[in-house]
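Below is one structure, written out as structure tokens; comments come after it.
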Amino acid sequence: MKFNRTYAIYIVVLIGFLVAPLFLQEFRLGLLAKFLCYAIVAIGISLIWGYTGILSLGHGVFFGLGAYCMGMYLKLEGSTTGLPDFMEWSGVTTLPAFWKPFTNPVFAIGAGIIVPMLLATVLGYFTFKNRIRGVYFSLISQAVVVVVVTLFIGKQDLTGGTNGLTSFYTFLGMSLADSFVQQILYFVTVGVLAIVFALSIWLTKSRAGKVLMAIRDGENRVRFLGFNPTSYKVFVYSLSAAFAGVAGMLFVLQVGIISPAMMGITPSIEMVLWVAIGGRHSLLGAVFGAIFTNGAKSLFSETYPDIWLILLGLLFIVVVLFLPNGMAGLVQSIQNKFKKLKSRKEKSHEPDTMVR
Amino acid sequence: MSIFITQLFNGLSLGSIMLLIALGLAITFGLMNVINMAHGELIMVGAYTTYVVQQIVSSYLPQQMLAYYFILAIPLAFLISAVLGIIIEKTVIRFLYDRPLDSLLATWGVSLILQQAARSIFGAPNVAVKTPDWLDGGFSILGATLPYKRLFILALAVFSIVGLSYFLYKTAIGRKMKAVMLNREMASCLGVSTKKVDSYAFALGSGFAGLAGCALTVIGPIGPSIGTNYIIDAFMIVILGGIGKLTGTVIGALGIGILSTTIEYTTSATIAKVIVFALIIAFLQWKPSGLVSMRTRSLD
Amino acid sequence: MSQILWCDNVMVDFDGFKALQGVDLMIEPNEVRFLIGPNGAGKTTILDVICGKTKATSGRVLFEEVVNLGSLQEHKIVQKGIARKFQNPSIFSQLSVFENLELSIRQKRNLTSVLFARMTGETKNHIEKVLEQIGLQDFVYKQAGELSHGQKQWLEIGMQLMQNPSLLLLDEPIAGMTGKEREKTGELMHEISASCSVLVVEHDMDFVRKYSKQVTVMHEGKILCEGNMTDVQENEHVQEVYLGRRKQTC
Amino acid sequence: MLNVANLQAGYDETTILRDVSIKVEKGKIIAVLGRNGVGKTTLMKTLMGLLKPSAGDVVWRNHSVKGLRPEQRAKKGIGYVPQGRDIFSTLTVEENLLLGLEALQKKPKKDVIPSHVFELFPVLHEMLQRKGGDLSGGQQQQLAIARALVGNPELLLLDEPMEGIQPSIVQLIERVIIKIAREQGVGIVLVEHNVDLALACSDFFYILDHGRIVAQGDSKNVNLEAIQKHLVV
Amino acid sequence: GCGKTTSTEGQKAMIDTSGDTVKVGVLHSLSGTMSISEVSLRDAELMAIDEINASGGVLGKKIEPVIEDGASDWPTFAEKAKKLLQKDQVATIFGGWTSASRKAMLPVVEQNNGLLWYPVQYEGMESSPNIFYTGATTNQQIVPAVTWLLENKGKKVFLIGSDYVFPRTANKVIKSQLKAEGGALAGEEYTPLGHTDYSTLISKIKDAKPDVIFNTLNGDSNVAFFKQLKDVGITSADIPVLSVSVAEEEIRGIGASVLEGHYASWNYYQTTDTPENEEFVANYKKKYGDDRVTGDPIEAAYTAVYLWAKAVEKAGSFEIDKVKKAADGIEFNAPSGVVKIEGANQHIWKTARIGQVQADGQFKEVWKSGESIKPDPYLESYEWGASLSNKK
Ligand SMILES: Nc1ncnc2c1ncn2[C@@H]1O[C@H](COP(=O)(O)OP(=O)(O)OP(=O)(O)O)[C@@H](O)[C@H]1O
Ligand SMILES: Nc1ncnc2c1ncn2[C@@H]1O[C@H](COP(=O)(O)OP(=O)(O)OP(=O)(O)O)[C@@H](O)[C@H]1O
Ligand SMILES: NC(N)=O
Ligand SMILES: [Mg+2]
Ligand SMILES: [Mg+2]
């Protein structure tokens, strides 16, 4: 009964996204598409943070790596000379070796998933094996952000530096400026989001999902039940990195730019905030958190370009203080109240039920 | 020889700056477990306080007083930041003691607000603080010039660390602070007023941030986003040193200072930054709880 | 019969404090062994060494005669069949009682197996049986964090039972239990000793007296003496450091 | 001294204690008995102020302390040894003990730990500089009791103080409890699972079941048979 | 852009001219690190808009600015530019400071066939059909500055810059020029944006013993660099520093006493002596406060609005293609003197000026190019410049 209802909600939400293009202006649809990319990241963060208790403040890096992989392909596809424009003005004359395979879109898409996963696996393996946890892990992930961003900026001739990669015109021969192409990309994004969501739901419902939650509760205790938390944590961390990578690829296609700023500390923290606002323990909450927070951000900054940061800051504070489980938690507690009211009515003839 | 001395001094000097910006965090983060992302903005408040004091002194007091406005600015920077800290503690942090990671998110909001507020009040561009003349110039030794400003910051850092250590390790309030942070309920059952201790501790941490801000006006920019320049470094120092241990923080700060300047001297600032952060990551793999660890046998 | 566990001259040194100073301990299969001794004698520490939480400074711990536990990580030791109940209840407070038990099943614990693991009727029955044994049938879906202290103790015992261990380490299992429940625990211990060995740390002498055959007494990181309870009780040294001279009444 | 009337308390939405009334007189030891999960700890926490009662009153020395926070109650002379010890794990034993002084209304000039606690628990003296969290279970329990005693309480709430303590020291603690009750007039609420032990050192007992007082009486002449039914599952 | 022509060229951009106002976008960083510079550009543009509105608007319509915050974040610039073009259907956008923000907006304005006026000096090597560049390109700022340094201050040049595209590209140009004109490179160092400890870099400079320092640091770093340079006792007499991103506003944030005697290369200073400038400075101060100062990018932003208005009037239409066509050759008496749009690359003719910082924080002009210099973003007119770009 409860099972069916939850699934029904998921289906309704999916249908909602599918019909959205009918109601939205092109610009707004573009924004929504971008938010859905963010929602994919948010699902991954909810998995590692809400379910496993790992707070990563470095997911911007994974998002960025995915995006750069796609961006590299787009740059090469768009270049008439075989060299991306920024290399020309940085004085690079031959395409660096690691760029070469990115002429192949299949390779680029594969890399957009594998590269972030690989980094997460390596980093996660060492950090988790060495039992670095909690705040320590969070801050290490920030240090990783600093390293990667500084490198990307410093290696301008290879990466495009602060500018990042932009000026994309076609993808697989289709013009990215074409609104029909953009609509197709929107539906692809919705599809990917649905797959990522379903996969994550399945994961959390599996026994492994319970192990993840047990790790959140007490990692060492999990060891004494015979599980090796390291492998579980590495797995879920890389999975969420892969999600972020996929999201990054879709982002680049639709937004048309990726720069180190998108991998920095600020976006990485904001990603966590989307999830906090939506409800870290709820995957659907995370999806709506990403959409809602970014929607609010766009709205605030359009309406009050001078003080929108204050409004955004207040939003963060208020939600964190008063909705510890985010919007999903709010919905849940309203539901519970409602249920209680109902059951109280039904049982009103009985004396107060006793604990135990 | 002179370059060796200069670089060693540069390292120590950078280390002392790092120490100043990290000291406040060593309290709010190291002891109180609050991940205060607005720490950088408290530094900013200290810097703007210095600016305002200078403005007031130069427009209302005789010209010769201007040389000494700094003496007034130091305690005021501490005080104003501390008061702001108390306000933040009472309105935001207080609700989050059992949710340290959430404190990160809420204080991120606080930092956005403070930055924008500074922009609205003082304008977006940087403001200039003219350091008093007696801090101009430097002290020459073996061909190297050690600027007075840097010596001054070094002295301020030493003074702060000595004062803070005494406070934390030798006084009852320091002990109470540690107890409250470890187990709030139990501390209160023993008669410790947790609310007071929370406010004191957060005010103290914020005050040190203000002090750092005041010191930074001597060498760096003063603008609404100054805090963002320092916040990550400050956190790195605290975890590198080992959460909750001042000795660790000191070693961490000086270590990073000397390491950064040395690597930068042989490579470039960008590479130095990459290497230093990579080394921090690697070091923590080796010593997961920092230089000076506080592990106990409890299960988690 | 050969021993299931052999601690061979185990020493543990915490920054200069010698918590264990050469402990030799042998446990036979299907034995229930009691470990007693003054506070700070090193009882918990020896359990920590066996289950891998603390690494021995020197000496070795052999399991089933061949496996050297000293070289294994905690979870590997558990997979070998050694279960441990801690002195303070250690359960997963945000999971339900049922989920706590589900995770404790003896199963392949690698990622892929667990990812695709299904709840079988057999495991369900096992969980239900254990729930009954630990008396938490009415709390199946309660969050474990909301149980009382004693209930948590029971849950943790239940979690160890789920594992079908070959060696069960119990650190003060009846602390905080009332008379009847103590008896239940005592009987349970003997019941499961049909299929495994049990090493129990306990301070309650009535309980030890009632359920022990072999008792080992530790003191200051060493084994003081070994024997049945009556012998041990008579030992002057044991009386002096542990039991107290004579039973005092208030 | 302590008068608890019709107390009702619990966690969030679940009410645990219902209509609980107990009385503690000066120099008397009260035992609270009951099976696991009946609400003994909940009662202690409510007395200490860690939980807010939803109904009823707690009167301490003729004043209601219902609205007071734990630290205010501690300053009024209520000491607490919680179940599970709650030692400050990264503070040294000495610091843990010094914190006990916080409950004193008049601060001593210098931070000194009264020597009588070391007479009771010599092991603590040996381990003054060790971190609280590194102590063995029983040592921590001793530390928790010592910490409460340092504050010279007039009412002492002991939640299973004997848990994990070696027999000889259990006997010692028994004697100490009785001694401070008799000699210093401290009122004591003792939660203890061992019925024999509890009855042996208490003057009066209450039995809790399902959050209610189901039996009470004089400890010296109890009908064991009669109370047993409340204590078995 | 460079290389590819846009697929939507000639497409009718949507411009909302239905009412009696016409919307224009004003897109600068009002928050984040770049706001320290960009807020003033917004102010200058709004002032120009007010002035034009006061004198009747353009084509009889009042200009209605739509202000957006780029938040010092390039993808945000792209998003906001898209929003301005697609949703608000603005006639043009004035915006950007960093090259990165311009590069982010470039494909958006090209794909939507919009128009962007970019008011800051930059590294060149670009000319988008949908962008007008009212700041200096390299041959109007950096190249003359290097020549002047080599002639007046010495041959050994130390290059320091922030680690991003403008300084790196600028320094590439400078190095070619040094080689060609007989200068020597004493060193080249970059620091991350926001870097604030320059003690080590200054040690390196001391070791290298350069005659001059060419400074392309941006933003906050300038404050730290100059303060710390002074602390070790290096004055403008010892090693003069010539900056290309330090204008009057930056001086206010560093402190004039710290900078006194050092040089900058711009096309305009607050002290530039033209009647238009006198009025401009007075109006600016009246509008925004006596303590505010103008500066080169502020003037270029202000000028951009006028140039656009003139082009629209000349075209008699707001349509992008017509405006672009009409813009060629338009002249305007800007505060910096007469400027003229070069239709071929959509940059403007400007006068180069070297200024020296005075005790009051203002510049004293010490050199200026005789007449305004024709913009040459790809340095095609310089022999040594040929190798710098692959522009066919
Ligand atoms: N990490 C540590 N650092 C320093 N000393 C330690 C550490 N762990 C344990 N000890 C000391 O080792 C001794 C043995 O402790 P252990 O916990 O094994 O005692 P125990 O026999 O279980 O006592 P109890 O019956 O009180 O639980 C104690 O004196 C304790 O203080
Ligand atoms: N934090 C909590 N939230 C919700 N329910 C709780 C919480 N703590 C305890 N309970 C419930 O309250 C009831 C009483 O718990 P309490 O800890 O008072 O029992 P107790 O009598 O002390 O038991 P024990 O002898 O096991 O210590 C139990 O049913 C328990 O499940
Ligand atoms: N164009 C610049 N100064 O970035
Ligand atoms: Mg023990
Ligand atoms: Mg209890």
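The basis for the numbers below is simple: all heavy atoms, side chains too, and nothing from hydrogens, waters or symmetry mates. Chain letters run A, B, ... following the sequence lines, proteins first and then strands; every chain starts at 1. Keep in mind that what you see is a predicted model, and the values were worked out from it rather than measured.
Both the backbone and the side chain of B:Glu264 come within contact range of chain E, each with at least one heavy atom under 4.5 Å from a heavy atom of that chain. Residue B:Ser120: no heavy atom, backbone or side chain, is found under 4.5 Å from chain E. B:Tyr148 does not touch chain E: none of its heavy atoms, backbone or side chain, sits under 4.5 Å away. Contact annotation for B:Ser140: neither backbone nor side-chain heavy atoms come within less than 4.5 Å of a heavy atom of chain E.
The two residues B:Ala128 and E:Gly255 make their nearest non-hydrogen contact at CB-N, 3.6 Å.
With a 4.5 Å cut-off on side-chain heavy atoms, B:Asn10 and E:Ser203 count as touching. Contact check for E:Asp220 versus B:Asn126: side-chain heavy atoms found under the 4.5 Å cut-off. Put simply, the side chain of B:Thr145 reaches to within 4.5 Å of the side chain of E:Lys206, judged on heavy atoms.
Considering CG of E:Asp231 and CG of B:Leu146, their distance stands at 12.0 Å, rounded to 0.5 Å. Taking OG of E:Ser221 as the reference point, atom CG of B:Asn229 lies at 7.5 Å (rounded to 0.5 Å).
Between the side chains of E:Ser31 and B:Arg119, no donor-acceptor pair is found at a separation under 3.5 Å. A donor-acceptor contact closer than 3.5 angstrom is absent between the side chains of B:Ser268 and E:Glu189. B:Thr270 and E:Asp163 are linked by a side-chain donor-acceptor pair at a separation below 3.5 angstrom, with hydrogens and angles left out of the test.
Between the side chain of E:Lys227 and the backbone N or O of B:Thr217, at least one donor-acceptor pair lies under 3.5 Å. Here the side chain of E:Gln228 pairs a donor or acceptor atom with the backbone of B:Ile219 at under 3.5 angstrom.
Comparing B:Gly223, B:Gly220, B:Gly123 by how many heavy-atom pairs each has under 4.5 Å with chain E, the most go to B:Gly220. Contact tally against chain E (heavy-atom pairs below 4.5 Å) for B:Pro125, B:Ala269, B:Ser225: the top residue is B:Pro125.
Salt bridge annotation for E:Asp197-B:Arg150: present, with a cationic side-chain nitrogen under 4.0 angstrom from a carboxylate oxygen.
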